[in-house]
Number of protein chains: 4
Amino acid sequence: MMNPPSSPLNQKPAKAVEAYTASLAFDRRLYRHDIAGSIAQAKALNRAAILTDKEMEIIIMSLVSIREEIERGEFPFREEWEDIHMNIEARLHDKIGEVAGKLHTGRSRNDQVALDMRLYLKEAVGDTLKALRQLQEALITLAEAHPDAVMPGYTHLQRAQPVLLAHHLLAYFEMLERDRERFQDCLRRADVLPLGSSALAGTPYPVDREFLARELGFPRISANSMDAVADRDFVIEYLAAASIAMMHLSRLAEEIVLWSSEEFGFVAVADAYATGSSIMPQKRNPDVAELGRGKAGRVFGHLMALLTTMKGLPLTYNRDLQEDKEALFDAVDTLLSTLGVFAGMVGTLKVNASRMKEATEKGFLLATDLADYLVRKGFPFRQAHGVVASVVRYAMEQGKELGELSLEEYQRFSPLFEADVLSLTVTASLAMRSRPGGTAPEQVRRALAEARRRLEGA
Amino acid sequence: MMNPPSSPLNQKPAKAVEAYTASLAFDRRLYRHDIAGSIAQAKALNRAAILTDKEMEIIIMSLVSIREEIERGEFPFREEWEDIHMNIEARLHDKIGEVAGKLHTGRSRNDQVALDMRLYLKEAVGDTLKALRQLQEALITLAEAHPDAVMPGYTHLQRAQPVLLAHHLLAYFEMLERDRERFQDCLRRADVLPLGSSALAGTPYPVDREFLARELGFPRISANSMDAVADRDFVIEYLAAASIAMMHLSRLAEEIVLWSSEEFGFVAVADAYATGSSIMPQKRNPDVAELGRGKAGRVFGHLMALLTTMKGLPLTYNRDLQEDKEALFDAVDTLLSTLGVFAGMVGTLKVNASRMKEATEKGFLLATDLADYLVRKGFPFRQAHGVVASVVRYAMEQGKELGELSLEEYQRFSPLFEADVLSLTVTASLAMRSRPGGTAPEQVRRALAEARRRLEGA
Amino acid sequence: MMNPPSSPLNQKPAKAVEAYTASLAFDRRLYRHDIAGSIAQAKALNRAAILTDKEMEIIIMSLVSIREEIERGEFPFREEWEDIHMNIEARLHDKIGEVAGKLHTGRSRNDQVALDMRLYLKEAVGDTLKALRQLQEALITLAEAHPDAVMPGYTHLQRAQPVLLAHHLLAYFEMLERDRERFQDCLRRADVLPLGSSALAGTPYPVDREFLARELGFPRISANSMDAVADRDFVIEYLAAASIAMMHLSRLAEEIVLWSSEEFGFVAVADAYATGSSIMPQKRNPDVAELGRGKAGRVFGHLMALLTTMKGLPLTYNRDLQEDKEALFDAVDTLLSTLGVFAGMVGTLKVNASRMKEATEKGFLLATDLADYLVRKGFPFRQAHGVVASVVRYAMEQGKELGELSLEEYQRFSPLFEADVLSLTVTASLAMRSRPGGTAPEQVRRALAEARRRLEGA
Amino acid sequence: MMNPPSSPLNQKPAKAVEAYTASLAFDRRLYRHDIAGSIAQAKALNRAAILTDKEMEIIIMSLVSIREEIERGEFPFREEWEDIHMNIEARLHDKIGEVAGKLHTGRSRNDQVALDMRLYLKEAVGDTLKALRQLQEALITLAEAHPDAVMPGYTHLQRAQPVLLAHHLLAYFEMLERDRERFQDCLRRADVLPLGSSALAGTPYPVDREFLARELGFPRISANSMDAVADRDFVIEYLAAASIAMMHLSRLAEEIVLWSSEEFGFVAVADAYATGSSIMPQKRNPDVAELGRGKAGRVFGHLMALLTTMKGLPLTYNRDLQEDKEALFDAVDTLLSTLGVFAGMVGTLKVNASRMKEATEKGFLLATDLADYLVRKGFPFRQAHGVVASVVRYAMEQGKELGELSLEEYQRFSPLFEADVLSLTVTASLAMRSRPGGTAPEQVRRALAEARRRLEGA
């Protein structure tokens, strides 16, 4: 069996050090990417006349069989080969002997790891885009199922003005749309081949980097070898985009928790997305939403962790960079699983449209419309606002809603109020908001159709 | 004088509450953006027949004169009008009376603030791009001034392989190039007009939002009014991009601190960028670099602050959002000033090329080249690596550098070593790294030219 | 006029560098601490025979008059003396000439700044403890005013079991009690005199550090000069304690926002603590609570900022440490002002006890009591839990609350149900929770008295 | 086999939801704490006459055997029982049938989890204190082994004044001493029994909470049931203390990395704590130090994550709280393992005292002493500082160190310089810093003895 890469060190690492520095437990998920990279490397070394055709073939064949071993669960992982890269290289050596030693020609662990991480990230972004789309799909499907449902729109968690539920849901569609753009931008910057940078100074062998890029599906090669091995921007950028996405999900979660409360009663989470209580038999808790909300902190934490880890590091590679992996892997897992369960939760949400409608009838939601009424009669908005504030104050003292005031009562505050003031309704209020982006039913219908179209193009 | 917007509240806020909720101290920097927004709003209201030509003209004229008052330092800021928006509106009222009250027709503080923040951010991104470019310029100018300077490249802060100083500096050029891309992406997503969203449900007046967008230089309008007033993604995205940029600067700062030390002695910071000591007369401290390094934490903190603030907020606007301003303003100021002083510091850095060169001569920097030598003689890389490790161990024990070993000593370790092994040099080592992205002088020259070209196109 | 401390630098800092490194804008709040430190230093130098009695007296007298100038707003601050320390020292020189130059004997900016920050922190902790106590006072006063108010206790924002409002409020009392302990612990560790550490190696003059400690009110002196100038643990520890306190306040804020909503309707924030809307005349927004909730992020950000700034710094003083000031000052200001306005807001909160009571009547809050009923009849809890879950499911399907079921309906689920099951009430449920820490009225009364007692001892 | 706790939900959770909400993978490490809690609970229920002696005995016996099953690796963990608590309860049911159902009487998952976490934390703090002590031990042992080693003390990474290596190492001793205090304070606040709080309102059974506290080793019981189940301060406080400790370790790591560089050459990390390179045969990288430095970010991230997760949560328990576990467990593991390997690394560090000594001879480290020399001759310090700055500038221009100047050269700058100025030495400089906390050999010897004494008392 092969020895670990020799060095001038006379002694093996202490046991505790081995455990401390080992990454096999978490980096083994990079096995496919590592093997793909090594296959491309073997081809490039062959083109550079460093491997014969025969050597290349046996190396590639053996790498493929190693991948199969791993996938069949038969690969003899060994903790003392501290990472996935060394495990695969050592296994290759076991299988084909000394020729395995040629594969690392002009390559270093530094550019190899950078390559594997980028290949992994590219896949992760693809999965993320798909999962975002799936939740967007669930949101607009729910919106389409309740085209007429009206609810209070809130500011400061106070009822403000009536809106369509579909309009509210489309706000989340927009957030996720921006998330998708951010991940695409992240991907574009990550999609650069670092291989050929070697340890830090560039490979001294005539390896064709453009060929490597084509083989591995990268549109570009890195322009500076020192940057290529020292850079983890692409990981941080994923974490930043994931943090914003999780922030969005935490807002959606908060609303589902609120709306599921007895007090709001706007929606009920399906049984499959709720849980009971170990002590209170009546409970139907929106645990999935809460856990998703809580996990926002987790992803923010990973972002902060890696920014801090990178802060103040001199060039080029430093072992601190090993910390990029667990942070990224956990962020990807967290975001993907949260998006997945949220899509299911949203897709099975039961809407109580009548509770929502009722809620628009209390809380003076048409007060702004009343001010707009005066404006249409020629009053400056600020003054109209003042008059309506007095009307509202009066109604509150009387324990009435606006709709319960008589024309005579209105006229105490302004002679501009006429009989038509009594026909201010939620429906009319909605219909007025008919500029693009507004909650008027026709605009929301158009926005839904546009959302569907964008999604299908995605 | 005008009264504050009336409301059903019977009592004025407590003094401490006024101080707590006021934002005038920091949002006054939005005055230009606020006035630009109001001018566009006045024009749109005129097109919607809500303002007569005359009303529009007097409003615009007065807004322009208010801007001039502010710029001349003659504006009567009043703390009790808690923010810049209210200060300007109240001043307008003082100047032109009731007609001022028409300006807020169909507009809300919510879409107004969102607009001002986006206008501010667009400017801030423009300034940031310029400042990044300026530092890139300083880096490549320094590189061009020392085309032949050679220095140790480091991994783990251990001397690893020789590189060109220019190659090292270009690694930072690449980082800043990605930063510029990130800010451009951020700008693209921020460049959306929120005005017309009103409080949350959309304006009920026939205001032409596309016209507003054109007037204010936005290529797009927001698609959903609730999202438009609840969204601060654009601020967070700036903070994320700024955090990554500050992380890059902290790495550069760390290197300048290291290189300025007696131990390294590679560079000297110009007097104008160093400071003395209150007690130690001999000190010449790289304070600017240190402070820039330290300020990375500050910007990370703002990012974390705003992510946390937004976490779990229900739609739409909540007063928590007011926290976006100080975080963003301070991040912009910090990044711009750091980029500015770093450009000056890099531009005046004195390079001690001979100390750098000497440093490449100690520390076995050609060991990899020695292994590559054996590979070229047909040895697999892994085995060559092992042989060279033994050579290095031997040399260490002898207290010699590789260049001090005799051919006979080499041959004790492998018969493949021949006389030409003695001609391994730093120069030869550099020249070998001639693939794109490598440190070979020809590649670095090409990379420098390409960097210059990209910068000029920017 | 005096020149800045001379150094081997030939050139003054660039203008932009001066602005970048200057701290006068924010460190001027340390003037009292700086002068107190200098007075003690003068006395110690006199005892060490470095200053004559006369010199000491004139220095102290002049420092006192400088303090008065600052407090009268007549001190000629000069930006080019970049910090408060230099401004005061230069002013002293203006007043008394060369003898001013003796004050810095054996002292360095490093131990001077460390001293000033510790003196400031000691005051800040004192203020914080007072402000915490004030909010605790408001909480128990509100609890005492509503000894019998009953409300739903929530888990997962689902109504779970009835509790007393006073019990709920006391939960916050406990959180703040822990906060007070944490600040006291922070103070204990901060209460160490660094003066005499000089730049880093200790003062070479026979200055009596124990005397200095007594003069300045420190119970201990620092044990290691290098640690003393490089340490900012005390700042971070304050930020950590402040972060936890702000987290507590954000939870209280969230509840006040929820409870003020139309849907909950449990409380109304007094007019003085609410704000209106620029567009919606009916709005009464709990802005103070929201802003407090949002500011939690701000303080977390400062904690993260300073941890990051300190990460990886070699000993001893590095200019990065200057970043400690703005973070600490803003955290202190934010925490103190939030505690202050929250005490006012809680103290003026209007409780709608009947809405709270009503809310305990819907949502099966006595389901656990029903299970406990069966347990008292000899049923294992888990099985009783199962039976009650079936009862609840049945009641839900019937659209009934538990209190609306007949005995016969109960008995369909278990023969153990007898007539007394119909007398399960909220009052009885509360009374049962009579172990220490429970919500039974007698326990809550006891807990309130104990809280009051602890507060008075504080 | 037992069914999961019944609830009014008609449907089981979706598969993805089960995976999303499950915590068994990480909370199984709480098995000992959970079983200890259940044994105490069984005893308390027996004292409350809810369990017969026989029932109590069989429950306890079975819980003990379950613990053994787990420790022997024979426990049949089942993923569908989503957490460790349910796994143990279900297993108990398998073993003893319905009587198992009595154990949960008056207890809820909420107080049970709070209990388990506190029991775990108490152990973790104990381990942390031990590990801190171990690293302190390594530091002072290294200091004792090199009592006379002198090195440059640095500010701004510039050589400033000579110090003893032992003095430098003792600075870290002090930091860790504060860390130990912080963990002890954290323990004190965590050491409170939450059991008996039940879901949120307090247990309705006559369970003796003081008895439970004694059984489980808690000196106090929680004072408020709602706080007890909603509180995670103790976890955050551990994370905050761990963050500060990791920050300290990152500074030590940075210095070891610096000192191990070719440029400094002050120490060599033992082979067992260094690693080689996959490509550069000469490399001897201080990976352990780097990784420890990098892991600071990881722990900061956990702190930020949990603060954010808790922000804005209404009382009492919310499922978001489940996020406390992985953050805490990973922080504990990270801190303990880092302390462990750092103790080994420091304990085996090879000090190159002659390189250190040489370094004190270049860089004008005695300039402050030269100023102090003039002060002793009666010159004010500030003026002396100015004179010496001129001397240093002159020496620099001459390419000389201070020790190489002649008396005549000195006297060009001040007539106060006399022959004895030539006898300024590093040794004399050290000896002068003889106040407590200074670097004079006698003080350092005393400080070392005191450190040893404190450690032995610990």
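We name chains A, B, ... by the order of the sequence lines, and we start the count at 1 in each one.
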Option in [options] with maximal non-hydrogen atom pairs under 4.5 Å from chain A:
{"options": "B/His168, B/Arg433, B/Glu181", "result": "B/Arg433"}
{"options": "B/Arg376, B/Met247, B/Glu450", "result": "B/Met247"}
{"options": "B/Gly202, B/Gly438, B/Ala384, B/Pro314", "result": "B/Pro314"}
{"options": "B/Ala296, B/Gly106, B/Ala230", "result": "B/Ala230"}
{"options": "B/Arg293, B/Glu177, B/Met304, B/Gln158", "result": "B/Met304"}
{"options": "B/Asp233, B/Asn318, B/Leu200", "result": "B/Asp233"}

Among the options [options], pick out the one with the most heavy-atom pairs lying under 4.5 Å from chain B.
{"options": "A/Ala240, A/Ala201, A/Ser198", "value": "A/Ala201"}
{"options": "A/Pro436, A/Cys186, A/Ala241", "value": "A/Pro436"}
{"options": "A/Ala431, A/Ser250, A/Ala440", "value": "A/Ser250"}
{"options": "A/Leu170, A/Leu258, A/Asp231", "value": "A/Asp231"}
{"options": "A/Leu313, A/Leu249, A/Leu430, A/Val163", "value": "A/Leu313"}
{"options": "A/Gly378, A/Ala228, A/Gly312", "value": "A/Gly312"}

Approximate separation, where rounding is to 0.5 Å, of [X] [atom1] and [Y] [atom2]:
{"X": "A/Leu157", "Y": "B/Tyr317", "atom1": "CG", "atom2": "OH", "value": "14.5 Å"}
{"X": "A/Phe173", "Y": "B/Asp227", "atom1": "CZ", "atom2": "CG", "value": "11.0 Å"}
{"X": "A/Leu303", "Y": "B/Ile244", "atom1": "CG", "atom2": "CD1", "value": "8.0 Å"}
{"X": "B/Met310", "Y": "A/Met246", "atom1": "CE", "atom2": "CE", "value": "15.0 Å"}
{"X": "A/Ser108", "Y": "B/Gln161", "atom1": "OG", "atom2": "CD", "value": "8.0 Å"}
{"X": "B/Ile236", "Y": "A/Ser243", "atom1": "CD1", "atom2": "OG", "value": "9.0 Å"}

Electrostatic pair [X]-[Y], nearest N-O below 4.0 angstrom:
{"X": "B/Arg435", "Y": "A/Asp208", "value": "no"}
{"X": "B/Arg178", "Y": "A/Glu237", "value": "no"}
{"X": "B/Arg382", "Y": "A/Glu98", "value": "no"}
{"X": "B/Glu254", "Y": "A/Lys311", "value": "no"}
{"X": "B/Arg189", "Y": "A/Asp185", "value": "yes"}

Using 30° and 60° as the class limits, which term best fits the ring planes of B/Phe381 and A/His104: parallel, tilted or perpendicular? tilted
So, does [X] use its side chain to make a donor-acceptor pair with the main chain of [Y] at under 3.5 Å?
{"X": "B/Glu174", "Y": "A/Ala223", "result": "no"}
{"X": "B/Arg251", "Y": "A/Leu315", "result": "no"}
{"X": "B/Thr155", "Y": "A/Thr316", "result": "no"}

[X] versus chain B, the contacting section by heavy-atom distance below 4.5 Å:
{"X": "A/Ile221", "result": "side chain"}
{"X": "A/Asn110", "result": "side chain"}
{"X": "A/Arg182", "result": "both"}

Heavy-atom distance under 4.5 Å between the side chains of A/Val375 and B/Lys102, does that happen here? no
Are A/Pro380 and B/Val99 packed together at the side-chain level, in the sense that at least one heavy-atom pair is separated by less than 4.5 angstrom? no
Let's go through A/Thr439 and B/Met226 carefully: what are the C-alpha distance in whole Å and the side-chain angles of both, what is the deciding distance for side-chain contact (heavy atoms from CB on, under 4.5 Å) to 0.1 Å, and is it a yes or a no? CA-CA 9 Å; A/Thr439 195; B/Met226 297 181 75; 5.9 Å; no
Go through the side-chain N and O atoms of A/Asp372 and B/Tyr205 and say whether any donor and acceptor fall under 3.5 Å apart. yes
Do B/His167 and A/Ser225 have side-chain N/O donor and acceptor atoms under 3.5 Å apart? yes
Name the region of [X], side chain, backbone, both or neither, that has any atom closer than 4.5 Å to a heavy atom of chain A.
{"X": "B/Thr203", "answer": "both"}
{"X": "B/Arg209", "answer": "side chain"}
{"X": "B/Leu307", "answer": "both"}
{"X": "B/His248", "answer": "side chain"}

